[in-house]
Amino acid sequence: MKILIINCGSSSLKFQLIDSESEKVLAKGLCERIGIDGGMLNYQPEGKDKIVKNVEMADHTVAVQLVIDSLVDEKDGVIKGLDEIGAVGHRIVHGGEKFAEATIINDEVIKAIEECNDLAPLHNPANLIGIRSCQKIMPKVPMVAVFDTAFHQTMPKKAYLYGIPYEYYKKYKIRRYGFHGTSHSYVSKRTAEILGKDYNNMNIIVCHLGNGASISAVKNGKCVDTSMGLTPLEGLIMGTRSGDLDPAILEFLCQKEKLSISEVLNVLNKKSGVLGLSEISSDFRDIGKEADAGNDQAKTTLEAYSYRVAKYIGAYVAALNGVDAIAFTAGVGENDGSRREAICEYLGYLGIELDKEKNGKRGEELVISKPDSKVKVLVVPTNEELAIARETAKLVK
Ligand code: AMP
């Protein structure tokens with residue numbers, strides 16, 4: 001079956017067409033600046049060059065139609081007609097407490113996703129627009145919602161409750177939800193497969209270190225804790241997000257800088273993290289270059305980043321009562337050997353020994369610890385689209 005994967009933002013739409021049997025990506029692309037002047041469609045059919053078209057897209061329905069037109073195009077298309085698309089898998093950011101698994105989309109599911117809008121006001125409404133646009137253009141094609149939060153729904157109460165009055169949990173469902181769940185699920189399963197171990201009988205820590213970053217503790221195939229919270233702002237120091245901080249800093253900054261709460265939150269989401277700390281860039285390659293050239297602020301930024309990751313690993317070793325494998329994934333986790341090495345330097349107490357040569361490789365699925373390392377360390381490139389395609393195929397069959 002050919003499955004169209006849709007990841008819809010407020011003004012963008014990422015897509016991939018995946019053959020669920022061969023698991024090959026037949027085409028992929030991105031619509032940018034939907035509803036804004038200067039729209040752009042990037043389309044890449046398998047084995048061919050990328051095609052970039054400047055085309056205005058008044059709304060997401062127009063964008064979905066353009067995607068379909070590209071996929072069925074006589075010259076650059078990869079399918080003959082719309083009827084070859086067997087299902088659509090939608091990435092949905094927040095499923096609240098309602099969705100612990102992917103689900104076939106119907107009116108009731110749409111309503112339940114709408115009810116989670118409060119929890120992800122920037123993402124869920126955009127995801128819903130993507131669903132509705134696809135339904136308009138492909139009314140007979142089954143659609144599946146795959147949630148970023150679903151994998152983390154197995155967390156016990158002690159891990160997901162915040163130390164605030166319980167009534168706020170009851171009234172507003174304020175709790176830890178966690179994100180990047182599709183990635184944590186895919187990478188933890190793959191880790192067990194690579195090691196030839198039983199996923200349901202091992203402890204894994206997954207470090208998803210991209211522009212957004214989160215870490216999860218997976219016990220016997222179930223997530224028991226994760227670093228992102230009610231929103232994706234909590235936890236690790238990220239590209240532009242602060243991660244954990246003393247909540248009193250918010251009021252302090254409001255007063256000193258004469259900012260509103262939402263302005264401070266904007267600083268914490270968009271101007272903090274390694275960008276804010278380094279005053280260089282949110283990209284680790286830029287910061288790494290400066291650090292190598294002797295820039296102390298760049299060095300300290302990278303140290304603070306690695307230290308935070310190592311602290312979380314320590315906490316999750318305790319939560320799991322021991323760990324069998326630690327997996328690195330996403331942009332930094334897959335490509336930045338220096339970061340992995342700096343993080344693992346804190347983990348000698350676990351009997352971890354890195355194979356420096358293997359750790360020097362980039363973007364490959366690889367065990368990077370030495371054969372006699374007590375805890376195995378791996379690089380496992382994430383593949384959220386493939387994971388969404390698998391979930392979709394499972395439900396639509
Ligand atoms: P992601 O959000 O998973 O796409 O990760 C994006 C981030 O990965 C970028 O902002 C970079 O900081 C980082 N990244 C990508 N390639 C490299 C690399 N070769 N070395 C260090 N960091 C990298």
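We count ligands from 1, going down the list as the structure has it; atoms in each ligand are counted the same way. If you read the sequence from its start, that first residue is 1, and numbering goes on from there. Every heavy atom of this structure was used, including side-chain atoms; hydrogens, water molecules and symmetry mates were not.
- For ligand 1, the atoms closer than 4.0 angstrom to any heavy atom of Ala330 are 3 (O).
- Within the 4.0 Å heavy-atom shell around ligand 1 one does not find Glu334.
- Each of the following atoms of ligand 1 lies closer than 4.0 Å to a heavy atom of Asn211: 1 (P), 2 (O), 5 (O), 6 (C).
- For the residue pair Ser214/His180, the side-chain donor-acceptor check at 3.5 Å is satisfied.
- At under 3.5 Å, not a single nitrogen or oxygen of His208, backbone or side chain, sits near a nitrogen or oxygen of ligand 1.
- Within the 4.0 Å heavy-atom criterion, neither part of Arg339 lies near ligand 1.
- No close placement of the Tyr177 and Tyr160 rings is indicated, their centers lying 6.0 Å or farther apart.
- Defined by atom type and a distance below 3.5 Å, a donor-acceptor pair is missing between the side-chain atoms of Glu97 and Gln153.
- Across Leu209, Asp283, Asp336, heavy-atom proximity to atom 21 (C) of ligand 1 is greatest for Asp336.
- Between the side chains of Arg176 and Thr226, not a single donor N or O lies within less than 3.5 Å of an accepting N or O.
- For atom 2 (O) of ligand 1, the nearest protein heavy atom is under 4.0 Å away.
- The contact set between ligand 1 and Gly210, taken as ligand atoms under 4.0 Å from a residue heavy atom, comprises 1 (P), 2 (O), 3 (O), 5 (O).
- Here is the list of ligand 1 atoms found below 4.0 Å of a heavy atom in Val332: 8 (O), 13 (C).
- Donor-acceptor pairing under 3.5 Å is recorded for the side chains of Asp244 and Tyr312.
- Under the side-chain contact (heavy atoms from CB on, under 4.5 Å) rule, Phe284 has a single partner from Asn211, Val274, Leu209, which is Val274.
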*Walk me through it: do His94 and Phe179 pass the test ring pair (Phe, Tyr, Trp, His ring centres under 6.0 Å)?*
CA-CA 8 Å; His94 220 305; Phe179 298 87; 5.3 Å; yes
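- Of the protein's non-hydrogen atoms, the one nearest atom 20 (N) of ligand 1 is Arg285 CG, 3.5 Å.
- Polar contact check, Gly331 against ligand 1: a nitrogen or oxygen pair lies under 3.5 Å apart.
- Side-chain atoms of Ser282 do not come within 3.5 Å of backbone N or O of Thr240 as any donor-acceptor pair.
- Relative to the six-membered ring of Tyr186, Arg190 misses at least one condition, a distance below 6.0 Å or an angle of at most 45° to the axis.
- Close N/O approach between Phe284 and ligand 1 is found [any backbone or side-chain N/O within under 3.5 Å].
- Looking only at protein heavy atoms, the nearest one to atom 19 (N) of ligand 1 is Asn335 CB, 3.4 Å.
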